[in-house]
Amino acid sequence: MTNITIRSLALTTCFFCTISTYAAKPIDLAKQPMSALKAWLPGTSINSKAPAVLKSGELKELSRGTDRNQTTHIRVQQLHQGYPVWGADAVVHLPSSGQKKQSLLSAAGSQRAGSSMNGVVYQDLSADLSETSQQVFSKDQADQALNKAVELSRETYGAGHAKPVKNQLMVYVGQDKQAHWAYLVSLYIDSQHHALPTYILDASTLAVYRSWNDRKTSALAGGGVGGNKKTGQFIYDGASTHLGALDIRRNPAAGQCLLANDQVEIYSGNTATAVMGYACAIADKNHNNVFWNNTRDEANGGYSPADDALYAGSIVQSLYKQWIGVPMLVAADGKPMTLKMYVHYLDYNEPMENAEWDPVNNVVHLGDGAEVLYPLTSLGVVAHEVSHGFTQQHSNLVYDHQSGGMNESFSDMAAIAAEEFATGHHAWEIGPEIFKENNQALRYMDQPSKDCANAAPGYCSIDHVSAYTNSLNVHYTSGIYNRVFYLLSTSEGWDVRQAFVVMTQANAHYWTANTTYLQGACGVMKATADYQYDNTAVVQAFSKVGIDVKQC
């Protein structure tokens with residue numbers, strides 16, 4: 001989410017947690033030989049239909065994918081008595097064996113060169129959980145957890161409709177290093193509130209362990225104008241001195257064009273169900289013979305936010321396909337997903353000076369800005385928001401603590417990559433084109449702490465892990481990986497494309513939901529090896545922000 005005004009859920013202290021000797025033992029799979037996996041897979045391989053019995057539960061395969069090196073990456077989730085263990089997810093990496101679907105058991109037994117694992121699972125959970133009351137497994141207790149979450153959300157967001165999204169019993173290993181039964185509850189606050197408050201509640205006492213806002217924030221050639229008063233007017237028609245034409249759909253019988261194609265659809269407002277369109281009886285000879293959009297949706301100094309959004313969405317889809325070789329977003333059936341974006345989005349029925357990724361409906365909301373910003377439909381902003389969706393479908397980095405900073409940073413990296421992909425150049429700033437004031441940006445990649453010049457302590461970005469605290473907003477903790485991306489992209493032998501494909505590989509195959517800065521760096525090192533790039537620059541970049549990859 002691209003934020004100006006910060007709205008975050010404060011972490012609540014768990015006053016009801018008991019202090020005792022803990023038994024839950026974390027196992028860092030990155031430090032285990034593949035042979036260790038064999039002891040956890042007695043007589044079977046991991047798959048979604050037949051979970052393998054583990055010493056402290058089960059492992060369930062979530063997904064698998066094969067990369068450019070024909071290495072298969074298998075994501076697994078630890079279960080205990082059939083319930084997920086929070087943060088106990090991992091990825092197993094298997095080089096090609098010639099088999100169509102290699103089992104983990106055979107890989108662990110054969111010890112093929114290049115096989116590895118990363119992520120954390122837990123042993124000895126039963127010692128902490130064995131005396132749990134059966135009440136925690138009841139529907140009544142689940143309802144109580146939901147009611148508690150609704151009550152907490154109203155304290156932050158006021159009265160309003162809160163739709164349950166998730167209410168899941170799980171095992172949570174807290175800061176006290178004990179395993180607890182807990183409920184993971186997410187609520188979808190009605191569209192005017194733009195929030196997805198998420199809580200981890202003790203299953204017995206309903207005390208809050210953790211809370212955060214998880215709302216992240218083939219066609220014919222058409223054309224139109226875009227840009228704003230600061231950037232100047234863009235012309236989308238494919239002429240030699242202009243930007244590319246817009247891919248659109250057209251109903252020739254009705255003489256109607258739609259701001260949509262196989263990759264992107266544009267809607268107006270908060271509740272629109274019909275794609276935006278315009279009359280287009282014939283192609284316009286004055287604009288390179290494209291079907292020209294004379295119906296401008298001007299707003300707050302933006303010449304046509306809808307045209308900008310369609311252009312930007314199509315560019316970002318192409319970025320992932322051409323640079324990474326994968327669809328940007330994938331639907332439940334495994335097919336590429338059409339990106340839906342809502343322009344002229346309102347906040348409490350007022351112009352929204354924000355943009356956001358909606359992880360419940362898998363859509364992007366783009367506001368028109370107000371006094372500080374022009375419409376938030378620029379290429380960089382769109383790339384940022386949509387890339388939250390990519391992260392959601394892969395590592396699913398929790399939007400809190402260090403993983404939240406990495407989540408935000410990956411989207412900032414995508415903004416830089418999209419500009420480089422589309423134009424061949426970029427600035428090391430996020431969002432300067434939408435600021436009405438000159439020499440202002442949302443964030444700075446080269447030196448994130450530049451935004452501290454006029455900010456109070458704790459309300460600006462950090463450059464080094466020594467400045468990190470859990471209380472910092474994720475838009476500020478993103479500075480660590482933003483600076484790494486800048487340092488890596490500008491290193492000898494590297495560029496923006498190389499740095500982005502490595503970070504995307506890490507996001508897709510090595511990072512997990514609660515990945516820390518260090519664990520993320522270890523994933524980047526592995527991704528660098530996958531592409532056979534020299535890792536010297538990677539080591540140096542992370543070292544400059546206080547992360548020592550020698551600990552990997």
Side-chain angles (χ1 to χ4, degrees), residues 1-3 216-217 263-264 308-309 311-330 336-337 339 341 355-359 362-366 376-397 399 403-434 441-446 448 474-475 478-486 488-489 494-511 520 523-524 527:
M1 181 183 294
T2 303
N3 269 355
K216 307 182 189 55
T217 37
Q263 301 184 93
V264 184
D308 284 335
Y311 172 77
S314 299
I315 287 292
V316 181
Q317 288 272 31
S318 297
L319 165 70
Y320 279 91
K321 287 183 179 179
Q322 295 183 33
W323 277 15
I324 312 301
V326 300
M328 179 178 62
L329 299 171
V330 178
M337 179 188 297
L339 172 63
M341 294 194 286
E356 60 186 15
W357 166 256
D358 176 351
N362 294 319
V363 300
V364 174
H365 299 152
L366 303 169
L376 288 90
T377 51
S378 68
L379 175 58
V381 172
V382 169
H384 177 104
E385 299 306 335
V386 174
S387 294
H388 280 307
F390 182 89
T391 296
Q392 177 186 328
Q393 292 191 349
H394 292 86
S395 62
N396 199 25
L397 291 165
Y399 205 61
S403 59
M406 292 171 59
N407 191 323
E408 269 298 309
S409 178
F410 179 79
S411 284
D412 281 350
M413 297 174 197
I416 300 297
E419 292 173 358
E420 177 70 20
F421 174 80
T423 67
H425 58 82
H426 61 275
W428 289 109
E429 299 174 340
I430 302 299
E433 70 281 354
I434 61 172
L442 294 170
R443 285 175 294 283
Y444 303 88
M445 306 289 283
D446 55 343
V474 295
H475 294 88
S478 65
I480 299 301
Y481 267 65
N482 280 355
R483 179 153 171 76
V484 167
F485 185 73
Y486 163 77
L488 186 56
S489 298
W494 284 76
D495 57 23
V496 169
R497 178 172 182 169
Q498 286 178 283
F500 186 64
V501 297
V502 163
M503 290 294 181
T504 306
Q505 175 82 345
N507 192 341
H509 299 305
Y510 296 108
W511 296 346
V524 175

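Note that these values count all heavy atoms, side chains included, but never hydrogens, waters or copies made by symmetry. Quantities reported herein were computed from a predicted structural model and do not represent experimental measurements.
- With Ser489 contributing its side chain and Tyr486 its backbone, the two residues share no donor-acceptor pair below 3.5 Å.
- Across all their heavy atoms, Asp412 and Arg443 have their closest contact at OD2-NE, 2.7 Å.
- Panel note: side chain Ser409, backbone Gly405; no donor-acceptor pair is recorded below 3.5 Å.
- Taking 4.5 Å as the limit, every side-chain heavy atom of Thr391 sits out of range of all side-chain heavy atoms of Asn396.
- Rounded to the nearest 0.5 Å, atoms CE (Met328) and OG1 (Thr504) are 12.5 Å apart.
- Counting heavy atoms from C-beta outward, Phe390 and Val326 have side chains that approach closer than 4.5 Å.
- Looking at Asn407, its side chain does come within 3.5 Å of a backbone N or O of Leu397 through a donor-acceptor pair.
- Residues Val474 and Met406 are not in side-chain contact: their nearest non-hydrogen atoms beyond the backbone lie 4.5 Å or more apart.
- By the 4.5 Å heavy-atom criterion applied to side chains, Gln393 and Met337 are counted as neighbours.
- Remark: the backbone N or O of Gly520 is paired with a side-chain donor or acceptor of Trp511 at under 3.5 angstrom.
- Here the CG atom belonging to Asp495 is positioned 13.0 Å from the CZ atom belonging to Phe500, to the nearest 0.5 angstrom.
- To the nearest 0.5 Å, atoms CG (Asn482) and CE (Met445) are separated by 4.0 Å.
- In terms of heavy atoms, Val364 sits closest to Leu339 at CG2-CD1, 4.1 Å.
- For Glu433 against Gly380, the heavy-atom pair with the smallest separation is OE2-N, 4.4 Å.
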Would you check, one step at a time, whether the test side chain to side chain contact (heavy atoms under 4.5 Å, CB included) holds for Glu419 with His425? CA-CA 7 Å; Glu419 292 173 358; His425 58 82; over 6 Å; no
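- With a 4.5 Å cut-off on side-chain heavy atoms, Phe421 and Ser318 count as touching.
- No salt bridge links Asp446 with Arg483; every basic N to acidic carboxylate O contact stays at or beyond 4.0 Å.
- The main-chain N or O of His384 is found under 3.5 Å from a side-chain atom of Ser411 such that the two form a donor-acceptor pair.
- By the side-chain hydrogen bond (donor to acceptor under 3.5 Å, both in side chains) test, His426 is found to be paired with Glu420, residues two or more places apart in sequence or in another chain being considered.
- Here the two rings, on Trp428 and Tyr444, have centers that are 6.0 Å apart or farther.
- Considering CG of Leu442 and CD1 of Ile434, their distance stands at 5.0 Å, rounded to 0.5 Å.
- Checking Glu408 against Tyr481 by side-chain atom types alone, no donor-acceptor pair falls below 3.5 Å.
- Here the closest non-hydrogen pair linking Ser387 and Tyr320 is OG-OH, 2.7 Å.
- Counted by atom type alone, Ser314 and Gln263 present zero donor-acceptor pairs between their side chains at under 3.5 Å.
- Scanning both residues, Leu376 and Ala355, for their nearest heavy atoms gives CD2-N, 3.8 Å.
- Contact annotation: the side chain of Ser395 never approaches that of Phe410 to less than 4.5 Å [non-hydrogen atoms, C-beta and beyond].
- The shortest non-hydrogen separation linking Ala415 to Ala383 is CA-CB, 3.9 Å.
- Between the CD1 atom in Ile416 and the CD atom in Glu429 there is a gap of 8.5 Å [rounded to 0.5 Å].
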Next item on the list: Please step through side chain to side chain contact (heavy atoms under 4.5 Å, CB included) for the pair Trp494 and Val502, ending with a clear verdict.
Entry: CA-CA 11 Å; Trp494 284 76; Val502 163; 4.0 Å; yes
Next item on the list: Output, in order, the C-alpha distance, side-chain angles, deciding distance and verdict of side chain to side chain contact (heavy atoms under 4.5 Å, CB included) for Thr377 and Met341.
Entry: CA-CA 10 Å; Thr377 51; Met341 294 194 286; over 6 Å; no
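- Using a 4.5 Å heavy-atom threshold, the side chains of Gln392 and Asn362 count as touching.
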